[in-house]
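I have placed the structure first, in the form of structure tokens, so that the comments after it can refer back to it.
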Amino acid sequence: MSIAPKPPTTPTTSTMTMAMATAVPAGLPAYAELFCLTNFSFLQGASHAEELVARAAQLGYAALAITDECSLAGVVRAHAEAKRVELPLLIGAHFHLTDPGGGPAPSLLALACNREGYGNLSELITLGRTRGAKKGSYLLTPDDLAAPPAPYAHLQGLPDCLMILLPAYPAHRPEHIERLHAHAAWMSATFPGRSWIGLNLLQRARDEAHRASVAEVASQHGLPVVAVGHVCMHVRSRKPLHDTLCAVRVGKPVAGCGYALAQNAEQHLRARLRLANLYPPQALAETLRIAALCTFSLDNLRYEYPHELVPPGHTPASYLRQEVERGVRWRFPQGLPDKVARQIEHELALMYRQNKVCTDFKFALKGAKVCTNP
């Protein structure tokens, strides 16, 4: 027996309300923002790092990544605030790569998983900044990550970092999709097993077409899709300041900036309910998976003596003492006064306790900058 289909009905207010209610799973989804700029991204970020961290904690975010453009300048202040509010903080940066041939190159996020990843990310930033033609600029090409020159071969694939491709918006025309395919293939080959495609939805006109293109390309290349916010403000009321920064950047009055201005104020830290209504659940879940893989904290950094400067048979402490004694004989050929001897022992003990042993101390001795006058 067949069942005849029911005739179509016009949805009522109550049925629309029920549909919206069932669109979001019970309870707010957990979320970690992975793409966030501070005011250290010059003329782009409109909020201080401390404001962004405090707001993310207010909204109940699982974690927040600070990803200024080719810079780690905002992470120290963010780290201090994150410790205060007990919010996990991810350290990263984002880059607009340059194609030497003049073609479109990918933009991407890099997030440090551990201390080694942080070191590699720092070195990549230094490399890009030293090539900048003018103050505040940088230059990195896809080959710097896929096939770097010999002195930087250890940066190939940027080990111990997670990479997120940032597709240009909107990816809806055939040429846009073809370009996205090329960038996704490059990501898969350069960062196998630790690359994602970022989905940025800011309630603009072509969001649905962009979402579909990103999903199609990600599926064909086996890359997970992850939600990213491209956050530039901690609250939407900073939009006038964001517009002013844009005007300064392009060198025009705000009224003359046109499409250079952000279309709306969605580049702020949004409520999780709002995000749940915009992004697929799996894209939100991927933010948590990435956050769980990034365990690096600035607290992991400690001074470490450069072992290559310590001769065989010595520890840093014993080598320092030997060099100090040699400096003492040079500085006080007639004998070391008791007062100076006590001062030296005090300084050595202090350096041992703070793990700040450094052979530069001997040069201070030779310059008579450490030892007091007899």
Problem - Centroid separation His181 to His221 less than 6.0 Å - result: yes
Handout entry: Carboxylate-amine/guanidinium contact Glu81 Arg84, below 4.0 Å
Key = yes
Completion exercise
Contacts of Gln44 meeting side-chain hydrogen bond (donor to acceptor under 3.5 Å, both in side chains) (sequence neighbours excluded), chain-then-number -> Glu69
Practice task
Can you establish whether the number of heavy atoms outside Asp299 located under 6.0 Å from its atom CG is more than 12?
Solution key: yes
Practice task
Run through Arg236, His230, Arg204 and flag the one making a side-chain hydrogen bond (donor to acceptor under 3.5 Å, both in side chains) with Glu266.
Solution key: Arg236
Exercise for the section: Would you kindly say whether His314 and Gln322 are connected by a side-chain donor-acceptor distance under 3.5 Å? Expected result: yes
Problem - Counterpart residues, salt bridge (charged side-chain N to carboxylate O under 4.0 Å, His left out), relative to Arg289 (two or more places apart) - result: Glu286
Exercise for the section: Would you check if there is a donor-acceptor pair between the side chains of Tyr31 and Glu33 at a distance under 3.5 Å? Expected result: yes
Practice task
Tell me yes or no: between the side chains of Asp68 and His94, is some donor less than 3.5 Å from an acceptor?
Solution key: no
Handout entry: Closest non-hydrogen atom pair between Leu284 and Leu275, with its separation
Key = CD1-O, 4.2 Å
Practice task
Flag the pair Leu180 / His176 as yes when at least one side-chain heavy-atom distance between them is below 4.5 Å, and no otherwise.
Solution key: no
Problem - Arg194/Asp160 salt bridge by N-O under 4.0 Å criterion - result: no
Problem - Candidate pair Trp186 and Phe191, rule ring pair (Phe, Tyr, Trp, His ring centres under 6.0 Å), full reasoning - result: CA-CA 8 Å; Trp186 178 82; Phe191 316 106; 5.5 Å; yes
Handout entry: Check: Gln203/Arg274 side-chain N/O donor and acceptor closer than 3.5 Å
Key = yes
Handout entry: Side-chain donor-acceptor contact under 3.5 Å, Asp207 with Tyr169
Key = yes
Practice task
Answer yes if Met163 and Trp196 sit in the same cluster of Ile, Leu, Val, Met, Phe, Trp and Tyr residues linked by side chain heavy atoms under 4.5 Å apart, and no otherwise.
Solution key: no
